[in-house]
Each structure stands twice: as structure tokens, then as C-alpha cells.
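Some notes on the structure that comes next.
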Amino acid sequence: MSEERQNAILRIHNLTKEFPGVKAVSEANLEIFGGEIHSIVGGNGAGKSTLMKMLAGVYAHNTFTGTIELAGETCEFKTILDAQSKGIVMIPQDLNMLEELSVAENLFMNKYPMRRGFIDYHKMYEESQKIIEDFGLDVEPQTKVKEIGIAQKQLLVIARAMYNDVKVLLLDEPTATLSDKECKILFAKTKELKRRGIACIYISHRLEEVKEISDIITVMRDGHIVGTAPNVDMDEKRIVSLMVGRKVDEVYPAHDRTPGEVILSVKNVTIMDQKVPDKKIVDHVSFDLRRGEILSMYGLVGAGRSETALAIIGGFNGEVTCEQELKGKPIYVTSPGKANRYKIGYLPEDRKKQGVVDIASVGRNITMSSLEYLSKLGFLDKDKERDVIADVIKRLAIKTPSPETLVRNMSGGNAQKCVLGRWIAAESEILILDEATQGIDVEAKTQIYYIMDELAKKGKSILFISSDLSEVMGISDRILTMRHGKVVNITDGKSADKNQILWEATVGSKDGDEEALDG
């Protein structure tokens, strides 16, 4: 055993953090070593992010109990800056960037290069350009952060941390918004930090990437650390069993659904790019959705999947053409509210900005789209609402102390389940789910797959948008593949070939025809 492995750079002892009605982390003990990637996995609400926030100074030392020891020194951080000054830097799920400042200003925040008492912009832009090129980003140092995409922001936040004097880097769901190419850049940079002797604590719901990148894996459940072992001793079944506290059943339900007649026909969806004249983000996309069917829409970042979904519900702000027929009759959906009246429910990709109302309760988030159905003569039937909320919380296994708990105090996955529950409560006949399992743990994903299967068997129709080809293959009746704003193929889910779909998503359809296909 090396001297580095014998001497942990970070030790935590009996860390405990409580919120009203729940103990988020309970007596956590852990050792983290330099030059290692230590992954922490667990279900939503397991305490992973809370533990990271204690280490990073997000939660001041006087708000929890236990000790944090860095390089032999006991630390009592009051702020994030305290932790950063000691070399602990966190990349949070919610990116902390100043939108009105430039890329360069965000990269060098609080550490601007100075010359004669003024910021040396020439040097800052020059150094920023090197960092940008190193991360393979197509962006200018002077560009305002509000003008770039969320994946680019994520890589920039990671770059900012890596180019500072860091001893321990905390990465909380860093790949949630990244493409495969961007993930590879992140993994390469993380391994580079490892070679420099820096400790990386890595949180992810994606077990395949945890297995790929980790040296050590720790599993948390209900605020407790329930297992820590080298990667080689932690196969996926053991990890999932520790996460859920029992043996794991099949992840996906059996493919035994029989879709019925066409319920929704979508024709010639075309969306123009607002910045580039004559460029189409989505180009004449057409397909049919059948009763009791799960139709998955797969494609790489930029394929136009989310934009198509927004066009269907009347939620895209721009130049859009979209023809639709519901049960054989033309409909004109001009807003998400009107989509709701047609019994079309939409779970958005960005749950923070478009999905949950974080200042509202769990119960109100669940019923806000079904208040008309829950009212009589203009008055809300509170008993009926209470029953609906209780039923949804039970069916989706939403972890909450109470229906009155504010969504802002819940884990990301449980917040996501509140949005799905909203459309179940509203008895939507058509559900459009955009990255419904993003940022959700394995057990919750399995629950959602089985809920989708149950809904489809009851005659609900589901358009399921996902970047995870494994889940697309596992859950779909049919798979629609998009590339560069066009449909390149629609194939049967039972007989679909994974390599063929990947090839279609990256290169094109088998015969080279990229015109839209009817369902």
C-alpha cells in the first residue's frame, strides 16, 4: 500500500444533518484519498448532495454535527469561499454562474488577473481561450454566459474548478446535461486530476459511468452510508441491492402490450432557427402515436426532439408549423394550457425552470393542472384533492415528510416525480415525457418504467423522449430516431438493433434517406 493510500486527504466523522421532519445524513464516516476517484451513489433523498454541501461549505458548520478533517486539519467552514480557500471545490447540480458576465469573467471569478490595480482583460481572455480550447468548446471568451447552452455552462464550471488550486473536487451529477462527446472530455479531465494527486468525489445516478470512472464506490441509503468498497468488488447488482435494501428484480417490464388505433397524428412539424435565417431546427417531422403505446423519440443533442415536443403542446416560442389530429379530428394547440384541455400532459426536460413550482407544496404541484376536475360549482373539493395527492404519492413512491412539504426542500428525483404525478392526477390521455428519468436513481427509474407500462396498458399513450438508448430499447413499443431535425427511421421496439439505431442517430438512415417518415 502506497503512502498516499495510507494517509487520507479528507476524513469525515459522524456527520449528521437534519431538516424539519427528516434526518438527511446520519453519522456519516468516510475517508477520501488523493489521486483517487471516489463515487457516492444512492437513491433520491439518500443524502448524497447534502453530504457534499456540508463538505463544500454550502451548509455552515454550525448547522450540522460531526467533524471534517482536511490534510490533518479540522475544518469548520462557514461559507463556500472558506471551503474553496482550503482547496475543496464543488460543482453543484444547479450551476452557479453569473449570466450577464462573459465566459472569461466567470472562469476567473474572484481570481481576476490584475495589472496596476485594474483587471488585465487581455491576459484573462488569452488564458480563457486556452482553457476553452483545452475543453473542446466552441465559444468565445467575450460571449455572455446567458447566450450559451447548459452543457457548455456545465463544462465551464468544471473548468473553473479544475484550473484553481483544488485538493478535493466534488462533482454532483456532472454529466446530467452533457452529450457523449462532452462526457468523454469530462472523464479525461477527471483522470488528469487523479494523476495530479487530487481527490475527486463523484456523484451520479448513471451506474455505467460510475463503474467506468471510479476507484472506490460508496453507497448511501436513507441518510446512512451502507457500503464502501473498491470498484472491482462492486458490481451493478450489489450496488443496486445496497441502494434499495433488497434484491433487485427486473429493471424493465415485459414487452407484452398491444397498442391500438392511432390516437394522435403529428404532421409536418417545422421550426425555424431564430438566429440563422432559413435554417430549420425541426424539418417536416411526422409520426403517429397509438392508444396504449410507448413511442420513444431518440437522438443526439441538437436532433430537435425537445423542440418537437414543445411544438406539439404549443409551447415553442418562435416560428412553428405543426398540424395535428386527435382521434381523427384536427386540433389547434396554441398553448400548454390548451394542450391540457385536450388531455395532453407534458413533463419538460428542465424540471427546475419549466416543471416544478419550487415555492409550492408537493400536493399543490401534483394537483395544479387538475383543479377544474377537483372543483364543483367553483369550489375546490379538498377531500377529493387530498385523496388524489395521497394516491399519487403512494403510486410514485415520492419521499416526502408531508404533502405540505415545499418542493424546493426535496431531492431532484422526487421533484421530477411530482411533475409526472401532476399529469397522472389530471388523467391525461397522452403523456409527453422529456428525459423523465434524468437525475433519478435506479430504483425510481424502475418505478417510472413500470408506471409507464401500467398507464399504457390502461390505454394511455406515451411519447417518451430520452438520450439513454438502453432505456429506450427496454421500454418502447416503437422507436423514432431523429437526426439534424429530421426523422430518419421508426422501428419496432421488440426487434430494434442498438447498433443500427446509434448509426442512424449519428450518420443517417440505412438507405441515406433523411426525409420524414410516417408512423
Side-chain angles (χ1 to χ4, degrees), residues 95 147-154 173 175-183 264 266-276 279-287 289 294-322 324 333-336 339-340 344-356 412 415-416 419-420 422-423 428 430-440 448 452 461-469 471-472 475-476 479-488 490 501 504-506 516:
L95 303 180
E147 297 174 5
I148 66 176
I150 191 167
Q152 289 178 313
K153 290 177 187 176
Q154 181 80 343
E173 297 288 354
T175 62
T177 59
L178 303 185
S179 66
D180 289 343
K181 179 183 175 182
E182 290 160 340
C183 284
L264 180 70
V266 178
K267 299 178 182 179
N268 299 320
V269 179
T270 301
I271 300 175
M272 303 304 297
D273 193 313
Q274 301 301 297
K275 295 182 179 179
V276 183
K279 181 183 176 182
K280 296 173 182 175
I281 299 173
V282 177
D283 191 357
H284 290 86
V285 164
S286 299
F287 61 89
L289 180 62
I294 298 176
L295 171 64
S296 288
M297 186 177 282
Y298 177 75
L300 304 182
V301 174
R305 301 165 304 157
S306 296
E307 292 84 354
T308 300
L310 285 170
I312 292 170
I313 65 160
F316 191 88
N317 186 21
E319 188 179 342
V320 178
T321 301
C322 179
Q324 297 186 73
V333 184
T334 54
S335 69
N340 185 24
I344 301 174
Y346 170 63
L347 188 153
E349 179 181 18
D350 190 340
R351 64 171 176 263
K352 289 287 185 182
K353 289 185 178 178
Q354 300 170 314
V356 296
Q416 185 83 315
V419 186
L420 178 58
R422 180 184 306 162
W423 301 116
S428 300
I430 297 168
L431 288 166
I432 301 175
L433 310 180
D434 193 351
E435 300 290 3
T437 63
Q438 187 179 88
I440 292 179
I448 286 178
M452 288 169 60
S461 304
I462 299 173
L463 179 62
F464 183 61
I465 300 170
S466 175
S467 301
D468 185 338
L469 186 51
E471 70 177 8
V472 165
I475 195 66
S476 309
I479 301 169
L480 181 155
T481 306
M482 288 186 69
R483 176 175 177 267
H484 294 335
K486 296 184 179 183
V487 176
V488 291
I490 300 176
I501 291 173
E504 289 166 351
T506 53

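For residues 295-308, the set of pairs meeting the salt bridge (charged side-chain N to carboxylate O under 4.0 Å, His left out) definition, not counting sequence neighbours, comprises Arg305-Glu435. Sequence neighbours left out, not one pair with a member in residues 310-322 passes side chain to side chain donor-acceptor pair (under 3.5 Å).
Listed by chain and residue number, Ile263, Leu289, Arg291, Ile430 satisfy the side chain to side chain contact (heavy atoms under 4.5 Å, CB included) test with Ser461 (two or more places apart in sequence, or in another chain). Listed by chain and residue number, His284, Ser286, Glu323 satisfy the side chain to side chain contact (heavy atoms under 4.5 Å, CB included) test with Asn268 (two or more places apart in sequence, or in another chain). For the side chain to side chain donor-acceptor pair (under 3.5 Å) test, no residue two or more places apart in sequence or in another chain qualifies with Ser428.
When all heavy atoms of Tyr298 and Ala505 are compared, the closest pair comes out as CE2-CB, 3.8 Å. The two residues Ala309 and Tyr346 have their closest heavy-atom pair at CB-CE1, 4.1 Å. Thr437 and Glu471 make their closest contact through OG1-OE1, 2.8 Å (heavy atoms, listed as atom of the first residue, atom of the second, distance). Among all heavy-atom pairs drawn from Phe464 and Ala436, the shortest one is CE1-CB, 4.1 Å. Nearest heavy-atom pair across Val285 and Gly485 is CG2-O, 3.4 Å. The two residues Trp423 and Ile344 make their nearest non-hydrogen contact at CZ3-O, 4.5 Å.
In this structure, the side chains of Ile432 and Ile312 come closer than 4.5 Å at one or more pairs of heavy atoms.
If you take CD1 on Ile313 and CG on Leu463, they are separated by 11.0 Å, rounding to the nearest 0.5 Å. Put simply, OG1 on Thr308 and CD1 on Ile465 are 7.5 Å apart, with the number rounded to the nearest 0.5 Å. To the nearest 0.5 angstrom, Met452 atom CE is 9.0 Å from Leu431 atom CG. To the nearest 0.5 angstrom, Phe316 atom CZ is 10.5 Å from Ser306 atom OG.
Between the side chain of Glu504 and the main chain of Val488, no donor-acceptor pair closer than 3.5 Å is present.
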